[in-house]
Asks: 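What follows is a structure written as structure tokens; I'll ask about it next.
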Amino acid sequence: MTEEVYVVPPECRRERADKVLAAAFPAHSRMAFQRALAAGRVSADGRVIAQSDEVRGGQTIRFSLPEPVKAALVPADIPLEVIFEDAHIVVLNKPAGMVVHPGAGTTDDTLVHALLAHCAGELSGIGGVERPGIVHRLDKETSGLIVVAKTDAAHRAMADQFAERALRKEYLALVAGATKAASGRIDRSIARHPVHRHRMTTGEGGRPARTDWTVEERFGDAATLIRCRIHTGRTHQIRVHLKSIGHPLLGDATYGWKPSPSLPAVPRVMLHAEHLEFTHPVNGRTMDLRAPLPEDFRKILADLRRL
């Protein structure tokens with residue numbers, strides 16, 4: 001994309017650059033400007049600025065967005081469970097164990113490989129080479145709903161809903177122990193762990209994160225099934241937040257879970273993206289979608305009920 005020039009209106013007080021640019025150029029998403037900032041492709045008054053920098057009235061901003069690059073990935077004919085699909089988006093029930101997009105150590109069995117075959121060339125290019133069409137992500141071991149954009153317009157609109165927290169995201173989580181309360185709110189910032197860089201942690205210096213939870217079912221003192229509604233989308237948010245209140249997810253050894261001989265065998269991190277409510281990016285219709293629990297999740301629930 002050629003370089004664009006924008007003069008911030010005089011009435012604008014200090015504001016994050018990505019927010020200012022997204023409002024001025026609605027054809028592009030705020031996420032697209034965040035990527036441009038991270039790549040050093042945005043300057044204010046001749047100085048390259050970072051993602052966290054603010055701009056003010058009168059400053060001249062120059063920016064360029066990278067052109068989408070055709071994915072050099074080979075489509076793979078992998079079965080997908082489609083919850084909803086039209087010309088603009090496809091919503092899938094991702095199985096546990098499937099990586100969303102290619103990376104170090106992955107092979108040709110990622111969700112992106114499967115989508116390239118399923119959509120036959122109809123995937124948004126905004127996500128770039130590694131993750132065409134991918135609007136958000138789920139961890140490898142997390143099952144459940146994931147939205148994929150087929151067009152750039154749908155991608156921008158969905159990315160804006162995620163960035164502005166204008167949708168409802170609910171997960172079913174099976175945690176160790178019995179929660180004392182029937183519901184609660186966890187409002188704790190999340191940051192990269194200072195020592196173990198593959199983990200996240202709560203504490204000062206992180207980004208704000210909020211999770212509301214309610215009990216769905218209790219299994220004595222052994223475990224509790226809870227419903228989590230996340231109002232932010234931080235990395236490992238539910239896993240970190242539940243660990244912080246003393247109830248790590250079953251199967252989540254990274255965040256403190258330990259096997260117990262009194263519990264059934266746990267096949268994975270027991271987290272499922274069960275419910276997603278959002279506005280259709282083109283027709284404005286309210287989409288209220290749910291993904292049924294996978295077999296491994298249903299089995300461990302049945303085993304717990306027999307304890």
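Residue indices begin at 1 and follow the sequence shown.
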Asks: Can you give me the closest heavy-atom contact between G58 and V7, atom names plus distance?
Replies: O-CG1, 4.2 Å
Asks: Counting distance only, does the side-chain N/O of D160 pair as donor-acceptor with the main-chain N or O of A157 below 3.5 Å?
Replies: no
Asks: Roughly how far, to the nearest 0.5 Å, is the NE2 atom of H101 from the CG atom of L115?
Replies: 12.5 Å
Asks: Membership question, hydrophobic clusters at under 4.5 Å side-chain separation (ILVMFWY): are L172 and L138 in the same one?
Replies: no
Asks: From E81 CD over to L92 CG, what is the distance, rounded to the nearest 0.5 angstrom?
Replies: 9.0 Å
Asks: Output the distance between atom CG (L37) and atom CG (D53), rounded to the nearest 0.5 Å.
Replies: 8.0 Å
Asks: Hey, is the main chain of M200 close enough, under 3.5 Å, to the side chain of Y255 for a donor-acceptor pair?
Replies: yes
Asks: Between the side chains of R47 and D45, is the shortest nitrogen-to-carboxylate-oxygen separation below 4.0 Å, so that they form an ion pair?
Replies: no
Asks: Can a donor-acceptor pair be found, under 3.5 Å and without considering hydrogens, that links the side chain of R218 to the backbone of A178?
Replies: no
Asks: Any side-chain heavy-atom pair from L242 and I226 closer than 4.5 angstrom?
Replies: yes
Asks: Would you please test E277 and R168 for salt bridge (Lys or Arg N to Asp or Glu O under 4.0 Å) and show each step?
Replies: CA-CA 5 Å; E277 184 177 328; R168 187 181 186 95; 5.1 Å; no
Asks: R239 and D139: side-chain contact (heavy atoms from CB on, under 4.5 Å), yes or no, with the steps?
Replies: CA-CA 11 Å; R239 299 168 63 186; D139 291 343; 3.1 Å; yes
Asks: Determine whether more than 12 heavy atoms belonging to other residues, nucleotides or ligands lie under 6.0 Å from atom CZ of R13.
Replies: no
Asks: So which of R185, R227, R229 actually passes salt bridge (charged side-chain N to carboxylate O under 4.0 Å, His left out) with D212?
Replies: R185
Asks: Ring-plane angle category for H196 and H193, please: parallel below 30°, perpendicular beyond 60°, tilted otherwise.
Replies: tilted
Asks: Hey, is R306 close enough to D303 for a salt bridge, meaning N to O under 4.0 Å?
Replies: yes
Asks: For I190 and T235, work out which heavy atoms get closest and say how close.
Replies: CG2-O, 4.1 Å
Asks: Would you check if the side chain of R41 reaches a backbone N or O of S64 as a donor-acceptor pair within less than 3.5 Å?
Replies: yes
Asks: Would you say L21 and V55 are hydrophobically clustered, going by side-chain heavy atoms of ILVMFWY under 4.5 Å?
Replies: yes
Asks: Answer yes or no: is there a side-chain heavy-atom contact under 4.5 Å between R234 and S189?
Replies: no
Asks: Could you verify whether a donor N or O on one side chain and an acceptor N or O on the other, from H280 and D86, lie under 3.5 Å apart?
Replies: yes
Asks: Side chains of H113 and T110: is there a donor and an acceptor less than 3.5 Å apart?
Replies: yes
Asks: In terms of hydrophobic clusters joined by side-chain contacts under 4.5 Å, are V90 and M98 together?
Replies: yes
Asks: Same hydrophobic cluster for L123 and I146, using side-chain heavy-atom links shorter than 4.5 Å among ILVMFWY?
Replies: yes
Asks: How about T201 and P194: do any of their side-chain heavy atoms sit closer than 4.5 Å?
Replies: yes
Asks: Measure the shortest side-chain to side-chain distance between I238 and C228 over non-hydrogen atoms and say whether it is less than 4.5 angstrom.
Replies: yes
Asks: So how far is it from L249 CG to H236 NE2, rounded to the nearest 0.5 Å?
Replies: 11.0 Å
Asks: Quick one: do H155 and T151 satisfy side-chain contact (heavy atoms from CB on, under 4.5 Å)? Show the steps, please.
Replies: CA-CA 6 Å; H155 199 139; T151 67; over 6 Å; no
Asks: Could you verify whether a donor N or O on one side chain and an acceptor N or O on the other, from D288 and H275, lie under 3.5 Å apart?
Replies: yes
Asks: Side chains of H272 and S143: any donor to acceptor distance under 3.5 Å?
Replies: yes
Asks: If you apply the rule side-chain hydrogen bond (donor to acceptor under 3.5 Å, both in side chains), what do you find for R207 with T232, and how did you get there?
Replies: CA-CA 10 Å; R207 302 177 69 187; T232 47; over 6 Å; no
Asks: Side-chain heavy atoms under 4.5 angstrom apart, residues restricted to Ile, Leu, Val, Met, Phe, Trp, Tyr: same cluster for L65 and V42?
Replies: yes
Asks: Working to the nearest 0.5 Å, report the span between CD of E85 and CD of E122.
Replies: 8.5 Å
Asks: Any salt bridge between R268 and E141, counting N to O under 4.0 Å?
Replies: no
Asks: Got a salt bridge between R210 and D187, using NZ or NE/NH1/NH2 to carboxylate O under 4.0 Å?
Replies: no
Asks: Return yes when atom CZ of R62 has more than 12 non-hydrogen atoms of other residues, nucleotides or ligands closer than 6.0 Å, and no otherwise.
Replies: no
Asks: Is a donor on one side and an acceptor on the other found under 3.5 Å between the side chain of R188 and the backbone of S244?
Replies: yes
Asks: OG1/T211 to CD1/I186 distance, rounded to the nearest 0.5 angstrom?
Replies: 5.5 Å
Asks: When you measure from the side chain of E164 to the backbone of Q161, do you find a donor-acceptor pair of N or O atoms at a distance under 3.5 Å?
Replies: no
Asks: Do the two ring centres, one from Y6 and one from F63, sit under 6.0 Å apart?
Replies: no
Asks: Closer than 3.5 angstrom, by distance alone: can the side chain of K94 be matched with the main-chain N or O of T142 as a donor-acceptor pair?
Replies: yes
Asks: Provide the closest heavy-atom pair for H247 versus A176 in the form atom of the first, atom of the second, distance.
Replies: ND1-O, 2.8 Å
Asks: How about N283: does its CG atom have over 12 heavy atoms from other parts shown lying under 6.0 Å from it?
Replies: yes
Asks: Under 3.5 Å, is there a donor-acceptor pair between the side chain of T224 and the main chain of V215?
Replies: no
Asks: Which ILVMFWY residues are connected to L289, directly or by a chain of links, through side-chain heavy atoms under 4.5 Å apart?
Replies: I83, F84, I89, V91, V135, L145, V147, M158, F162, L167, L276, F278, M287
Asks: Do I300 and L174 have side chains that approach each other closer than 4.5 Å (heavy atoms only, starting at C-beta)?
Replies: yes
Asks: For the pair F33 and V20, evaluate side-chain contact (heavy atoms from CB on, under 4.5 Å) and give the outcome as yes or no after the intermediate values.
Replies: CA-CA 10 Å; F33 287 112; V20 171; over 6 Å; no
Asks: V74 vs L116, test: side-chain contact (heavy atoms from CB on, under 4.5 Å). Steps then yes/no.
Replies: CA-CA 8 Å; V74 178; L116 290 171; over 6 Å; no
Asks: Looking at R56, I'd like to know if its CZ atom is crowded, meaning that more than 12 non-hydrogen atoms belonging to other residues, nucleotides or ligands lie closer than 6.0 Å.
Replies: no
Asks: Would you mind reporting whether V82 and N93 have side-chain heavy atoms less than 4.5 Å apart?
Replies: no
Asks: Within the 4.5 Å heavy-atom criterion, are V266 and W257 side-chain neighbours or not?
Replies: yes
Asks: Would you indicate whether the side-chain heavy atoms of V8 and I61 approach each other to under 4.5 Å?
Replies: yes
